Amino acid sequence: MLAVFLLSTITLACLVSLLAMFSSNQWNPKGKHCYITGGSSGLGLSLALLLTRQGAHVSIVARDQQKLRNALDELEENSRQNPEQKLNSYSFSLNNEAAAAEAYESVCAAHGGRSPDAIFLCAGTATPGFFVEETEASQRKGMEMAYWVSACTALVAAKRMVRERVAGKIVFVSSFCGYMSFVGYSSYAPGKHALRGLAETLRSELLLYNIGVHIFFPGTIYSPGYVEENKTKPKITLKIEESDEGLQPDRVAEALLHGVQNGNFHISGELTGHIFRSSTRGATPYNNVFIDRIYSLIGSIALPLWRRGVDSMVIGHKSEHDAYLADKGFFEQK
Amino acid sequence: MFFGTSSRWNPDGQHIYVTGGSTGLGLSLAILLVERGAHVSIVARNQNKLDDALKELEKHRQHPNQKIAVRSFSLDTAGESAAALDAVCEPHDGRAPDAVFACAGSSKPKFFVEMSAEELQKGMTNGYWVQAWTAMAAAKKMVRDRTKGKIILVSSTLGYMSFIGWASYSPAKHALRGLADTLQSELMLYDIDVHIFFPPTMYTPGYEEENKTKPKITRDIESTDDGVTAEAAAVALFEGVRAGHAHITADMITTLFRASTRGVAPRHNIFLDPLYDMAAYIIAPIWKRSVDKRVREHRAEHREYLLEAGFFS
């Protein structure tokens, strides 16, 4: 009975996927202006290289001038397809509306003041730590680097695209930490979840203006950002993540672009991502109505098991953690 | 993950701190807790509303040694929230409360392209930070006192999904889920329980406030939703905490969302949850399609609206 059900579901799923492959108006980056925040390293840079290779005009924004110069060199040497392609880099911070607007203005300037066709919000960092060691500053910084750096640009872009009647795309980059969370991510998961809330709202709302919205949920990416975040990551968090296989930024960028081209609203890159996405779907549209169901079924068995494992690791860590806090003088403070 | 199934949580004689406790859900919850013999401290901003709330709470007093207190504090920053917590703990020898219900919050729905960055930020303050700061202060205090307490956050159905009009609110309510799910795992290090409530529309003063700015299309989409009274919501929240549920809901629609967005959050019931999930699998896309259709049909009217508001000049 179950076998018949599974077999027919899988067959249907394959048929539907085949149909999807042949039907599309796949979004084509060629000749389009793509604006990538966080475009000088990690996922953003890999995406920039990929889009350049596909013939897009690419503008990258980040903070560090040197990294931007190196990135632009790489785009020119390894990816440029034709002389008409406009490849530009700009140094801006993006953590408030004024900064985001300035950056946006510069990006548009090279294109006659016109809004980009697609905006990829890859900027962001994570600084994991224990909640009881957080401060107002670290919590606010966490929200800024996980959420505001994207939300501010999205606000600027939406208003400009609507005024210019550009039917563009806004692509958010969240994380597995936007689908679920565990010990260590109290300054990061809220912001990544918040991105989902914003994306869900805007997917609905920006239908008013024919502006497309996507949101990507990658897992661990072996990027400079990952190296940075591991510096502060609690041992217990590292232990829980031990079994995760991360991906190289190039692979991740491909998954992101693939998802945008397929018209997927929530984009996930590999099996674990698909399972999380399908298990937290709620009212989010399907990517594939049959395959998603299978992921969800797998998730309904696998996720509670994984969860139980995580919980027992945390509980097993109690006394070591108590000693750690005592060492730091936590119990003496008021 | 089931906590406290052996002995159900009983607020009698416990010190419970309720933020946003002078109106709406917070007040209804405070009344319920006083009726069950708890010592209750409530914090809100407006002193008049607090005074009225105190009079109301006194009517439900069970015995003379119950400590019922109201204090006026803003909760917008970590410092203010910590000060509020310290103030309510003072009459209790400075000890951490046994449970903290973070009911504070408000919303201001609006079209995204008409929002200023300040409004977007205010949405995060009034939807997320007013609770997160209290959670942070409470967690630290409970850990230092080695109190095996409870921290309860209040999100919304809009913490499970969203649609047009809620760009300053839904992110904050989703963020609360992110925090609650992190803390539900992390605070196991200290035997502190974490719960999060996802109420639907509640017929409260807050609801009247939000309807002042709510776009008509948002209201139309919500018109089919049944809201609940603050009293009913408080009962659902209380029962959910007693049942040891990590995620708590008060109505069937939100329950369907809970079951279908569960991910790694603990299950309630190994048989019912998959049924809810299957129901959501069928119902949610139908609902979503109808909402999208309404939004698309609203395009022309919305364009007119923006023109008149001077958006394009």
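Keep in mind that what you see is a predicted model, and the values were worked out from it rather than measured. Residue numbers start from 1 in every chain, and the chains themselves are labelled A, B, ... in the order their sequence lines are given, proteins ahead of strands.
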Partner chain B: residue of [options] with the largest heavy-atom pair count (under 4.5 Å):
options: A/Ile236, A/Thr237, A/Asn210; answer: A/Asn210
options: A/Val132, A/Leu303, A/Leu208; answer: A/Leu208
options: A/Asp322, A/Leu325, A/Val156, A/Leu195; answer: A/Asp322
options: A/Glu134, A/Met180, A/Arg163; answer: A/Arg163
options: A/Glu97, A/Arg196, A/Lys318; answer: A/Lys318

Given a strict heavy-atom distance threshold of 4.5 Å, which part of A/Phe182 is in contact with chain B: side chain, backbone, both, or neither?
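Backbone plus side chain of A/Phe182, per the 4.5 Å heavy-atom cut-off to chain B.
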Which atoms of A/Leu207 come close to chain B, meaning under 4.5 Å heavy atom to heavy atom: side chain ones, backbone ones, both, or neither?
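Both parts, backbone and side chain.
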Determine the sole option in B/His247, B/His245, B/Lys150, B/Gln184 for which the side-chain hydrogen bond (donor to acceptor under 3.5 Å, both in side chains) test with B/His195 is passed.
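The single option meeting the side-chain hydrogen bond (donor to acceptor under 3.5 Å, both in side chains) with B/His195 is B/Lys150.
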One thing to verify: whether B/Lys122 and B/Glu118 come together as a salt bridge, which I'm taking to mean a side-chain N less than 4.0 angstrom from a carboxylate O.
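B/Lys122 and B/Glu118: not salt-bridged.
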Can [X] be said to sit on top of [Y]'s aromatic six-ring, NZ or CZ under 6.0 Å from centre and within 45° of the ring axis?
X: B/Arg258; Y: B/Tyr160; result: no
X: B/Arg144; Y: A/Phe331; result: no
X: B/Arg303; Y: B/Phe311; result: no

